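Computed from a predicted structure; not experimentally measured. Chain letters run A, B, ... following the sequence lines, proteins first and then strands; every chain starts at 1.
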2 protein chains.
Amino acid sequence: MIGTQPLRLERSSIHDDSCPSFQAALELIGRRWTGSILSAAAQGARRFGEYRAVIDGISDRLLAQRLRELETEGLIERTVIPSTPVQIRYDLSTEGQALLRALQPLAHWSIQRSARQGR
Amino acid sequence: MIGTQPLRLERSSIHDDSCPSFQAALELIGRRWTGSILSAAAQGARRFGEYRAVIDGISDRLLAQRLRELETEGLIERTVIPSTPVQIRYDLSTEGQALLRALQPLAHWSIQRSARQGR
DNA sequence: CTGAATCCAATAGGATACTG
DNA sequence: CAGTATCCTATTGGATTCAG
(Lines give C-alpha, C1' and ligand atoms only; values in the text may rest on other atoms or scores of the structure.)
Protein backbone atom coordinates (compact mmCIF):
# COMPACT_ATOMS: atom_id res chain seq x y z
CA MET A 1 0.00 0.00 0.00
CA ILE A 2 1.13 3.47 0.54
CA GLY A 3 3.52 3.77 3.38
CA THR A 4 3.39 2.62 6.92
CA GLN A 5 -0.12 3.81 7.65
CA PRO A 6 -3.30 2.81 5.89
CA LEU A 7 -4.01 6.54 5.78
CA ARG A 8 -7.71 6.35 6.35
CA LEU A 9 -9.44 9.65 6.59
CA GLU A 10 -13.01 9.78 7.55
CA ARG A 11 -15.05 10.49 4.56
CA SER A 12 -16.12 13.76 6.07
CA SER A 13 -12.66 15.19 6.31
CA ILE A 14 -11.90 16.68 2.96
CA HIS A 15 -14.43 15.77 0.36
CA ASP A 16 -16.52 18.58 -1.07
CA ASP A 17 -19.87 16.92 -0.71
CA SER A 18 -19.47 16.07 2.92
CA CYS A 19 -17.83 19.28 3.96
CA PRO A 20 -18.25 22.22 1.65
CA SER A 21 -17.03 24.59 4.31
CA PHE A 22 -13.66 22.92 4.24
CA GLN A 23 -13.36 23.62 0.57
CA ALA A 24 -14.44 27.19 1.19
CA ALA A 25 -11.81 27.57 3.86
CA LEU A 26 -9.15 26.09 1.63
CA GLU A 27 -10.08 28.41 -1.17
CA LEU A 28 -9.89 31.44 1.04
CA ILE A 29 -6.61 30.39 2.56
CA GLY A 30 -5.21 29.46 -0.80
CA ARG A 31 -6.06 32.81 -2.24
CA ARG A 32 -3.07 34.94 -2.86
CA TRP A 33 -1.82 37.03 0.10
CA THR A 34 -4.16 35.47 2.64
CA GLY A 35 -1.39 33.42 4.21
CA SER A 36 0.78 36.48 4.39
CA ILE A 37 -1.95 38.50 6.00
CA LEU A 38 -2.62 35.91 8.68
CA SER A 39 1.09 35.61 9.27
CA ALA A 40 1.43 39.37 9.56
CA ALA A 41 -1.40 39.42 12.05
CA ALA A 42 0.31 36.73 14.09
CA GLN A 43 3.43 38.83 14.06
CA GLY A 44 1.61 41.76 15.53
CA ALA A 45 0.33 43.79 12.61
CA ARG A 46 -2.86 45.59 13.49
CA ARG A 47 -3.38 48.61 11.30
CA PHE A 48 -3.82 48.79 7.57
CA GLY A 49 -0.48 50.46 7.07
CA GLU A 50 1.28 47.87 9.21
CA TYR A 51 -0.01 45.03 7.12
CA ARG A 52 0.95 46.89 4.00
CA ALA A 53 4.45 47.49 5.32
CA VAL A 54 5.03 43.90 6.35
CA ILE A 55 3.56 42.27 3.27
CA ASP A 56 5.87 43.09 0.47
CA GLY A 57 4.24 43.79 -2.86
CA ILE A 58 0.57 43.72 -1.98
CA SER A 59 -1.60 46.49 -3.37
CA ASP A 60 -4.03 48.54 -1.33
CA ARG A 61 -6.87 47.13 -3.29
CA LEU A 62 -6.08 43.51 -2.59
CA LEU A 63 -5.16 44.11 1.01
CA ALA A 64 -8.51 45.78 1.58
CA GLN A 65 -10.27 43.00 -0.27
CA ARG A 66 -8.61 40.20 1.68
CA LEU A 67 -9.19 41.92 4.99
CA ARG A 68 -12.84 42.20 4.12
CA GLU A 69 -13.01 38.53 3.14
CA LEU A 70 -11.29 37.50 6.34
CA GLU A 71 -13.62 39.67 8.35
CA THR A 72 -16.63 38.14 6.59
CA GLU A 73 -15.32 34.70 7.47
CA GLY A 74 -14.96 35.74 11.07
CA LEU A 75 -11.21 35.25 11.11
CA ILE A 76 -10.31 38.87 11.66
CA GLU A 77 -12.10 41.50 13.66
CA ARG A 78 -12.27 45.05 12.47
CA THR A 79 -12.45 47.75 15.09
CA VAL A 80 -12.93 51.43 14.50
CA ILE A 81 -11.35 53.61 17.13
CA PRO A 82 -12.88 57.07 17.14
CA SER A 83 -9.89 59.34 17.29
CA THR A 84 -8.64 62.00 14.93
CA PRO A 85 -7.90 60.70 12.52
CA VAL A 86 -9.91 57.56 12.99
CA GLN A 87 -7.87 54.45 13.67
CA ILE A 88 -8.87 51.08 12.39
CA ARG A 89 -7.53 47.86 13.81
CA TYR A 90 -7.63 44.39 12.37
CA ASP A 91 -7.11 41.72 14.97
CA LEU A 92 -7.11 37.99 14.66
CA SER A 93 -10.28 36.55 16.10
CA THR A 94 -10.22 33.45 18.25
CA GLU A 95 -11.19 31.48 15.16
CA GLY A 96 -8.39 33.08 13.22
CA GLN A 97 -5.91 32.07 15.88
CA ALA A 98 -7.23 28.53 15.81
CA LEU A 99 -6.86 28.51 12.06
CA LEU A 100 -3.31 29.67 12.34
CA ARG A 101 -2.53 26.81 14.67
CA ALA A 102 -4.26 24.37 12.35
CA LEU A 103 -2.06 25.69 9.59
CA GLN A 104 1.18 24.91 11.36
CA PRO A 105 1.52 21.29 10.26
CA LEU A 106 1.04 22.47 6.73
CA ALA A 107 3.77 25.05 7.17
CA HIS A 108 5.99 22.36 8.61
CA TRP A 109 5.25 20.13 5.67
CA SER A 110 6.19 22.81 3.17
CA ILE A 111 9.41 23.61 4.97
CA GLN A 112 10.52 20.01 4.91
CA ARG A 113 9.45 19.78 1.35
CA SER A 114 11.46 22.73 0.18
CA ALA A 115 14.43 21.50 2.16
CA ARG A 116 14.20 18.21 0.29
CA GLN A 117 13.83 19.91 -3.05
CA GLY A 118 16.33 22.64 -2.32
CA ARG A 119 19.21 20.19 -2.50
CA MET B 1 -4.09 28.01 25.04
CA ILE B 2 -5.28 30.44 22.52
CA GLY B 3 -6.14 33.52 24.37
CA THR B 4 -3.39 33.00 26.89
CA GLN B 5 -0.48 32.72 24.50
CA PRO B 6 1.00 35.54 22.46
CA LEU B 7 0.75 33.19 19.49
CA ARG B 8 4.23 33.63 18.18
CA LEU B 9 5.02 31.88 14.97
CA GLU B 10 8.50 31.85 13.66
CA ARG B 11 8.80 34.27 10.85
CA SER B 12 9.52 31.44 8.45
CA SER B 13 6.27 29.69 8.96
CA ILE B 14 3.82 31.30 6.63
CA HIS B 15 5.10 34.50 5.17
CA ASP B 16 5.57 34.67 1.43
CA ASP B 17 9.04 36.07 1.42
CA SER B 18 10.46 33.48 3.72
CA CYS B 19 8.69 30.54 2.22
CA PRO B 20 7.33 31.01 -1.26
CA SER B 21 6.81 27.29 -1.63
CA PHE B 22 4.31 27.38 1.18
CA GLN B 23 2.27 29.90 -0.69
CA ALA B 24 2.56 27.81 -3.83
CA ALA B 25 1.36 24.75 -1.99
CA LEU B 26 -1.53 26.66 -0.45
CA GLU B 27 -2.54 27.97 -3.81
CA LEU B 28 -2.53 24.54 -5.34
CA ILE B 29 -4.45 23.03 -2.46
CA GLY B 30 -6.87 25.90 -2.44
CA ARG B 31 -7.60 25.53 -6.11
CA ARG B 32 -10.98 24.11 -6.79
CA TRP B 33 -11.27 20.30 -6.74
CA THR B 34 -7.77 19.68 -5.46
CA GLY B 35 -8.98 18.82 -1.99
CA SER B 36 -11.53 16.46 -3.43
CA ILE B 37 -8.92 14.76 -5.57
CA LEU B 38 -6.56 14.20 -2.66
CA SER B 39 -9.44 12.93 -0.61
CA ALA B 40 -10.51 10.57 -3.37
CA ALA B 41 -6.97 9.28 -3.58
CA ALA B 42 -6.93 8.69 0.16
CA GLN B 43 -10.16 6.76 -0.21
CA GLY B 44 -8.64 4.47 -2.76
CA ALA B 45 -9.25 6.04 -6.14
CA ARG B 46 -6.51 5.15 -8.59
CA ARG B 47 -7.70 5.41 -12.16
CA PHE B 48 -9.01 8.40 -14.02
CA GLY B 49 -12.52 7.06 -14.15
CA GLU B 50 -12.52 6.30 -10.46
CA TYR B 51 -11.66 9.85 -9.58
CA ARG B 52 -14.27 11.07 -11.96
CA ALA B 53 -16.88 8.80 -10.41
CA VAL B 54 -16.09 9.76 -6.84
CA ILE B 55 -15.77 13.48 -7.40
CA ASP B 56 -19.20 14.70 -8.19
CA GLY B 57 -19.41 17.40 -10.80
CA ILE B 58 -15.83 17.67 -11.95
CA SER B 59 -15.23 17.83 -15.69
CA ASP B 60 -12.73 15.69 -17.56
CA ARG B 61 -10.82 18.77 -18.46
CA LEU B 62 -10.32 20.00 -14.92
CA LEU B 63 -9.67 16.55 -13.54
CA ALA B 64 -6.91 16.03 -16.07
CA GLN B 65 -5.53 19.46 -15.35
CA ARG B 66 -5.47 19.00 -11.58
CA LEU B 67 -3.92 15.57 -11.85
CA ARG B 68 -1.19 17.04 -14.00
CA GLU B 69 -0.61 19.86 -11.52
CA LEU B 70 -0.46 17.43 -8.64
CA GLU B 71 1.93 15.26 -10.56
CA THR B 72 4.12 18.25 -11.33
CA GLU B 73 4.19 19.07 -7.62
CA GLY B 74 5.22 15.53 -6.83
CA LEU B 75 2.11 14.81 -4.81
CA ILE B 76 0.71 12.19 -7.11
CA GLU B 77 2.52 9.62 -9.19
CA ARG B 78 1.31 8.66 -12.61
CA THR B 79 2.00 5.14 -13.75
CA VAL B 80 1.31 3.70 -17.15
CA ILE B 81 0.60 -0.01 -17.10
CA PRO B 82 1.11 -1.56 -20.54
CA SER B 83 -1.94 -3.71 -20.97
CA THR B 84 -4.71 -3.65 -23.51
CA PRO B 85 -6.08 -1.19 -23.18
CA VAL B 86 -3.39 0.71 -21.37
CA GLN B 87 -4.12 1.38 -17.72
CA ILE B 88 -3.06 4.53 -16.02
CA ARG B 89 -2.83 4.85 -12.28
CA TYR B 90 -2.59 7.94 -10.13
CA ASP B 91 -1.28 7.16 -6.69
CA LEU B 92 -0.55 9.43 -3.80
CA SER B 93 3.19 9.87 -3.44
CA THR B 94 4.84 9.79 -0.06
CA GLU B 95 4.78 13.57 -0.13
CA GLY B 96 1.13 13.55 -0.99
CA GLN B 97 0.42 11.33 1.97
CA ALA B 98 2.37 13.62 4.23
CA LEU B 99 0.41 16.54 2.89
CA LEU B 100 -2.84 14.79 3.60
CA ARG B 101 -1.78 14.22 7.17
CA ALA B 102 -0.70 17.83 7.48
CA LEU B 103 -4.12 18.82 6.26
CA GLN B 104 -5.96 16.99 8.99
CA PRO B 105 -5.85 19.72 11.64
CA LEU B 106 -7.26 22.06 9.05
CA ALA B 107 -10.07 19.64 8.34
CA HIS B 108 -10.70 19.37 12.04
CA TRP B 109 -10.77 23.13 12.34
CA SER B 110 -13.31 23.47 9.56
CA ILE B 111 -15.55 20.81 11.04
CA GLN B 112 -15.64 22.49 14.41
CA ARG B 113 -16.19 25.78 12.70
CA SER B 114 -19.16 24.63 10.69
CA ALA B 115 -20.59 22.96 13.76
CA ARG B 116 -20.37 26.27 15.55
CA GLN B 117 -21.92 28.15 12.67
CA GLY B 118 -24.46 25.49 11.79
CA ARG B 119 -26.45 26.17 14.92
C1' DC C 1 -3.91 57.26 6.98
C1' DT C 2 -7.54 54.10 5.12
C1' DG C 3 -9.40 52.78 1.92
C1' DA C 4 -13.16 52.84 -2.51
C1' DA C 5 -13.67 53.22 -7.72
C1' DT C 6 -12.37 52.29 -12.19
C1' DC C 7 -10.11 50.15 -16.03
C1' DC C 8 -7.55 46.51 -18.06
C1' DA C 9 -5.02 42.03 -18.64
C1' DA C 10 -4.42 37.37 -17.30
C1' DT C 11 -6.12 33.22 -15.48
C1' DA C 12 -9.56 29.79 -14.04
C1' DG C 13 -13.51 27.31 -14.89
C1' DG C 14 -17.59 25.15 -17.50
C1' DA C 15 -19.72 22.87 -21.63
C1' DT C 16 -19.30 20.29 -25.42
C1' DA C 17 -17.31 17.54 -28.89
C1' DC C 18 -13.85 14.54 -30.46
C1' DT C 19 -9.75 10.92 -30.51
C1' DG C 20 -6.39 6.68 -29.89
C1' DC D 1 -10.83 4.16 -20.86
C1' DA D 2 -8.23 8.40 -20.68
C1' DG D 3 -7.87 12.06 -22.05
C1' DT D 4 -7.48 16.70 -25.82
C1' DA D 5 -9.40 20.67 -28.32
C1' DT D 6 -12.17 24.53 -28.61
C1' DC D 7 -15.03 28.20 -27.22
C1' DC D 8 -16.85 31.21 -24.01
C1' DT D 9 -17.70 33.36 -19.48
C1' DA D 10 -16.44 34.61 -14.78
C1' DT D 11 -13.11 35.63 -11.51
C1' DT D 12 -8.50 37.56 -10.12
C1' DG D 13 -5.01 40.59 -9.89
C1' DG D 14 -2.43 44.96 -10.94
C1' DA D 15 -2.14 50.01 -11.63
C1' DT D 16 -3.86 54.21 -10.98
C1' DT D 17 -6.78 57.65 -9.30
C1' DC D 18 -9.85 59.69 -6.01
C1' DA D 19 -11.98 60.56 -1.30
C1' DG D 20 -13.23 60.90 3.84
Side-chain angles (χ1 to χ4, degrees), chain A residues 15-17 20 23-38 40-41 44-73 75-92, chain B residues 15-17 20 23-38 40-41 44-73 75-92:
Chain A
H15 198 279
D16 274 347
D17 298 346
Q23 180 60 25
L26 277 185
E27 286 181 17
L28 172 56
I29 297 160
R31 207 159 279 165
R32 203 168 179 185
W33 305 113
T34 305
S36 299
I37 291 172
L38 291 174
R46 292 295 171 258
R47 304 191 51 188
F48 193 89
E50 292 174 359
Y51 285 94
R52 182 166 46 190
V54 170
I55 304 169
D56 191 59
I58 195 173
S59 68
D60 289 357
R61 178 185 171 282
L62 288 186
L63 177 54
Q65 187 172 312
R66 289 291 174 273
L67 286 173
R68 248 181 289 125
E69 292 166 355
L70 289 167
E71 191 197 352
T72 298
E73 292 294 319
L75 303 176
I76 274 191
E77 281 160 15
R78 183 182 194 267
T79 313
V80 179
I81 300 176
S83 53
T84 35
V86 157
Q87 277 198 17
I88 301 181
R89 295 169 50 92
Y90 298 90
D91 299 271
L92 272 181
Chain B
H15 200 278
D16 273 346
D17 298 346
Q23 181 60 25
L26 277 186
E27 285 182 17
L28 172 56
I29 297 162
R31 208 160 278 164
R32 203 168 179 184
W33 305 113
T34 305
S36 299
I37 292 172
L38 291 174
R46 293 294 172 259
R47 304 189 52 187
F48 193 91
E50 292 174 359
Y51 285 95
R52 184 168 42 191
V54 169
I55 304 168
D56 190 61
I58 194 172
S59 67
D60 290 356
R61 179 183 168 283
L62 288 185
L63 176 54
Q65 188 173 312
R66 288 292 173 272
L67 286 172
R68 250 182 286 124
E69 292 166 356
L70 290 167
E71 191 197 351
T72 298
E73 291 294 319
L75 303 176
I76 273 191
E77 281 160 15
R78 183 183 193 266
T79 313
V80 179
I81 301 175
S83 54
T84 34
V86 158
Q87 277 198 17
I88 301 181
R89 295 168 50 91
Y90 299 89
D91 299 270
L92 272 181

Degree of bending in the helix from C/dC1-D/dG20 to C/dG20-D/dC1 once both end axes are built from five pairs, to 10° =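 End axes: 50° apart.
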
Any side-chain heavy atom of B/L92 within less than 4.5 Å of one from B/L75?
->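 Side chain of B/L92 against side chain of B/L75, heavy atoms only: no contact under 4.5 Å found.
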
Side chains of A/L28 and A/T34 in contact at under 4.5 Å (non-hydrogen atoms) = yes

Backbone of [Y] reached by a side-chain donor or acceptor of [X] within 3.5 Å:
X     : Y     : result
B/E71 : B/L67 : no
A/R78 : A/R89 : no
A/Y90 : A/E77 : no

Side chain of [X]: nearest nucleotide among [options]?
X     : options              : result
B/R47 : D/dA2, C/dG13, C/dG3 : D/dA2
B/R52 : D/dA2, D/dG14, C/dC1 : D/dA2
A/I88 : C/dT2, C/dG13, D/dA2 : C/dT2

Please tell me which of A/P85 and A/Q65 maps to the more 5' nucleotide of DNA chain C, matching each residue to the nucleotide holding its nearest heavy atom.
->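 Final value for this comparison: A/P85.
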
Separation of [N] [atom2] from [X] [atom1] (nearest whole Å):
X     : N      : atom1 : atom2 : result
B/L63 : C/dG13 : CG    : P     : 13 Å
A/I81 : C/dT2  : CD1   : C1'   : 13 Å
A/L70 : C/dG3  : CG    : P     : 13 Å
A/R31 : C/dT11 : CZ    : P     : 18 Å
A/D60 : C/dC1  : CG    : C1'   : 10 Å
B/Q87 : C/dG20 : CD    : C1'   : 16 Å
B/L67 : C/dG13 : CG    : P     : 14 Å
A/F48 : D/dA19 : CZ    : C1'   : 14 Å

B/E69 with B/R31: basic N within carboxylate O range, under 4.0 Å =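 A salt bridge is present here (some side-chain N lies under 4.0 Å from a carboxylate O).
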
How do B/A64 and A/L62 order along DNA chain D: which one's closest nucleotide is nearer the 5' end?
-> B/A64

Closer than 4.0 Å, any side-chain N/O of [X] to the OP1 or OP2 of [N]?
X     : N      : value
A/R66 : C/dG3  : no
A/R32 : D/dG14 : yes
A/R68 : C/dA4  : yes

Across the strands shown, which category fits B/R78 at heavy-atom distances under 4.0 angstrom: base, sugar-phosphate, nothing?
->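 Sugar-phosphate contact only - B/R78 comes under 4.0 Å of backbone atoms but never of a base.
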
Could you walk me through whether A/T72 and A/L70 pass the side chain to side chain contact (heavy atoms under 4.5 Å, CB included) test, one step at a time?
-> CA-CA 5 Å; A/T72 298; A/L70 289 167; over 6 Å; no

What distance do A/I37 atom CD1 and A/R32 atom CZ have between them, rounded to the nearest 0.5 Å?
->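 Going from CD1 on A/I37 over to CZ on A/R32, the span is 12.0 Å.
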
Has the side chain of A/R61 got a donor or acceptor that lies under 3.5 Å from a partner of the other kind on the base of D/dG13?
->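 Yes.
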
